[in-house]
Amino acid sequence: MIRNALPGSGESSNSLASSNATKPTHLPSVDAILNWPAVSGLCEAHGRTLVKRCIQSTLAQYRGPQGPSEAPSQEAITSRVRVALESQIAPSLFPVINLTGTVIHTNLGRSIMGPEVVDAVASSMGHFNALEFNLETGERGDRDSIVEALLCRLTRAEAATVVNNCAAAVLLSLVALGARKEVIISRGEQIEIGGSFRMPDIMRAANCKLIEVGTTNRTHLRDYEQAISERSGLIVKAHRSNYAVTGFTAEVTDADLGPLAKANNLVYMVDLGSGALVDMSRFGLPREPLPSDSLRAGAELVMFSGDKLLGGPQAGILVGSKAVIARIKKHPLKRVLRISKMVMAALEATLRIYDSDHLLQERLPVLRMLTRSADEIHQVAVRVAPMLAAIAGDGFQAEVVSCKSQIGSGALPEETLDSAAVCLRPLDATKPGSRLQKALARFRSHNPPVIGRIRDDTLVFDCRCLLQEDERLLRESIRA
Ligand SMILES: *Cc1c(COP(=O)(O)O)cnc(C)c1O
C-alpha cells in the first residue's frame, strides 16, 4: 500500500495542456498509453477513469522540474502509473498500530471492538433489517427499541434513547429541556472536552441561560438553592473527565442535587462523559461512576459515551425517567442526531456482552487492554522489540522497560496503569531532537503505521494495546 506517493496527482488535463508547450522530452499521449497492453489490463481491473487520471499525473511528473531529460521507456511509465494507481485506490482509513500507551485514544478512533461486534455490524450493512419495523404488527417501529430494554436493565433506568455521541446527547437534552430557561451548573464543572466541546458554548447553542454557582474549587448545596428561580429549568452536573480539582474542595453530590431539583420541579441532569456499565474495581481498575449510581441517587437524566470505557461504537446514550426521555425523543433535534444501523448493530452487540456478564475481558478489547498485567505486556514487548528495532533501522538500541499507560479520552484522568514498553535510544546522542522526530516519522510511514511517542530523548512504544491480531500484522509487515 502506498499513500500519497505522488505529488501533483490531482493535476487537471488543462494544466497539462499548457505545460505541453515546454515539455523537455517526447512523451507518448494519454490515449497511446491507454492502449498499451499492460495499461489496458489495469483499465479492466480498476476502470478507465482512475487509470487515465494516473497517466495524467505520471506525465505531469515527467514534465516537471524533476523529470528526466531522456524519453522514459514504456516499462518505466507503466510502472509509475501502477504506483500512482496503488495510491489512488488505497483507503485513507486503514489499521494503525497504537503503541502510545493510551487505550481510549480519540485521535486513533477510540474503542476497538471484538469479532462478534464486527460481525453484527457487517451483517447490518449487507442485509435489510427491522431497524424501524415492528415484526409482530408489521407497522413502523422505533429504532431505540432495539437497545432500550438492554440499557434499562444495565442502568436500572425507566427509559433510554441513543444519539450520535455524548456531546450531542448534552446539546439535545439542553435544547429539549432547558431552552429559554436558566441552567444551573457549578463553576468547578465548566468543562472543555477535546475537540472544542465547551459547556458554556453548548449552553449558548442550546439557548439556555447559564447560571454558574459556587467557585472553581468549592460549591455548596446553598449555592444551588440560592440560584433557583421561576426561570430555572435544569440543574446540571458534568463529570470532571479530563482534570481533577484537589486540595481545599467541596462538591455537592447526586444525593443532594437530585432531591433539590425534584422539590423545585427541575430536571437534574448528569453528564457522565465516560460512564462504565460495570464496576471497574471488579477488574482491579479504579472505580468510574456508573449511570445507575447517579440514577439511584436521584438524577432524572444521565448521559455517557458509547466509545469510551464502554468499549462500543461512537454514540451518546441517554438514560432516565420515562417522562424526561419522552420529552427528549419528541424534540426534532433527536431525529437530526439519530444513529445509523451500523452503530445500532455495534451498540446492541456490545450491550449484549455486558448483559451476559460473561467473559467480559475476553469479549471487550478495551477492557482486555485495560486489565492486562504489566508482566503480560512485558512479554509482548520482548517479542516485538526486534521488530521495532528493524523499523527504526541502524543507530538505535532497543530495550524493554517499565512504564505507565493512560486510560485516555478523559476517563480516570489521574490514573495510570503499570505497563511495559520498548524503548529505542539513539546510539549517537548528539542532536537527538531531529533524529527522534525522523525516526518517529519512519514508524508512521511504515505499513501498517506504528504510532509511538518521544520521552526523555527516547522513542517509547508502550505495548499495552498490542493485542494478538495487531502483533500478527506487525510481524508480517517486518517479514514482507
Ligand atoms: C467525552 C465527554 C463528552 C463528549 O462525549 P463524546 O461521546 O466524545 O461526544 C461530554 N461530556 C463529558 C463529561 C465527557 O467526558
Side-chain angles (χ1 to χ4, degrees), residues 102-113 147 151 155 160-175 177-178 183 185-206 208 210 219 234-245 251 254 257 268-277 280 286-291 293-294 299 301-320 328 333-334 336-340 342-344 346-347 350-351 366 406-415:
T102 300
V103 176
I104 308 170
H105 196 305
T106 300
N107 302 148
L108 299 181
R110 288 200 188 159
S111 295
I112 67 166
M113 280 150 266
V147 288
L151 284 170
T155 64
T161 183
V162 186
V163 291
N164 189 50
N165 53 41
C166 188
V170 173
L171 175 68
L172 171 61
S173 302
L174 290 173
V175 170
L177 309 173
V183 176
I185 184 168
S186 162
R187 285 204 169 81
E189 295 167 13
Q190 291 292 15
I191 55 171
E192 172 175 322
I193 317 276
S196 72
F197 171 91
R198 301 176 116 194
M199 198 50 102
D201 297 342
I202 298 287
M203 296 249 184
R204 202 170 311 120
C208 299
L210 173 64
T219 304
L234 293 114
I235 297 177
V236 170
K237 189 180 229 357
H239 185 54
R240 298 191 189 111
S241 309
N242 47 10
Y243 68 110
V245 178
E251 171 180 11
D254 294 338
L257 290 177
Y268 174 45
M269 159 181 143
V270 178
D271 173 14
L272 270 188
S274 200
L277 285 179
M280 290 287 156
R287 197 169 194 285
E288 175 78 8
L290 304 176
D293 296 338
S294 295
L301 175 65
V302 179
M303 62 266 304
F304 51 99
S305 284
D307 56 353
K308 291 186 180 171
L309 271 183
L310 195 71
Q314 179 188 303
I317 298 167
L318 299 115
V319 293
I328 288 171
L333 205 50
K334 166 64 171 66
V336 175
L337 300 171
R338 78 179 182 195
I339 62 171
S340 74
M342 281 107 82
V343 173
M344 187 60 90
L347 185 61
T350 305
L351 294 174
V366 166
Q406 291 186 326
I407 296 175
S409 270
L412 309 159
E414 287 194 300
E415 306 288 348

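As the structure lists them, so they are numbered: ligands from 1, and atoms in each ligand from 1.
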Side-chain donor-acceptor pairs of residues 165-175 under 3.5 Å, sequence neighbours excluded:
unit_1 : atom_1 : unit_2 : atom_2 : d
N165   : OD1    : A167   : N      : 3.2
N165   : OD1    : A168   : N      : 2.7
S173   : OG     : A169   : O      : 2.7

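Note: H239 NE2 to M303 CE = 14.0 Å, rounded to the nearest 0.5 Å. In this structure, the separation between CZ on R110 and CD1 on I104 is 8.5 Å, given to the nearest 0.5 Å.
Atoms of ligand 1 found under 4.0 Å from any heavy atom of A167, numbered from 1 in the order shown, are 4 (C), 5 (O), 6 (P), 9 (O). Taking every heavy atom of S305 and a limit of under 4.0 angstrom, the matching atoms of ligand 1 come to 5 (O), 6 (P), 7 (O). Heavy-atom proximity to D271, at under 4.0 Å, picks out these atoms of ligand 1: 10 (C), 11 (N), 12 (C), 13 (C). Near H239, the atoms of ligand 1 lying under 4.0 angstrom from a non-hydrogen atom of the residue are 13 (C). Taking every non-hydrogen atom of K308 and a distance limit under 4.0 Å, the qualifying atoms of ligand 1 come out as 1 (C), 2 (C), 3 (C), 5 (O), 14 (C), 15 (O). When each atom of ligand 1 is checked for a heavy atom of G273 under 4.0 Å away, the hits are 2 (C), 11 (N), 12 (C), 13 (C), 14 (C), 15 (O).
Proximity of V343 to Q314: side-chain heavy atoms (C-beta onward) are nowhere separated by under 4.5 Å.
For the pair E251 and R240, the salt-bridge criterion is met [side-chain N within less than 4.0 Å of a carboxylate O].
Contacts between R110 and ligand 1 below 4.0 angstrom, taking non-hydrogen atoms only, involve the side chain exclusively.
D293 pairs by the side chain to side chain contact (heavy atoms under 4.5 Å, CB included) definition with R287, L290, R296, not counting sequence neighbours.
Using modelled atom types, one side-chain atom of S274 and one backbone atom of L309 make a donor-acceptor pair closer than 3.5 Å.
The shell of residues lying under 4.0 angstrom from ligand 1, judged by heavy atoms, excludes Q314. For V170, the heavy-atom gap to ligand 1 stays at 4.0 angstrom or more.
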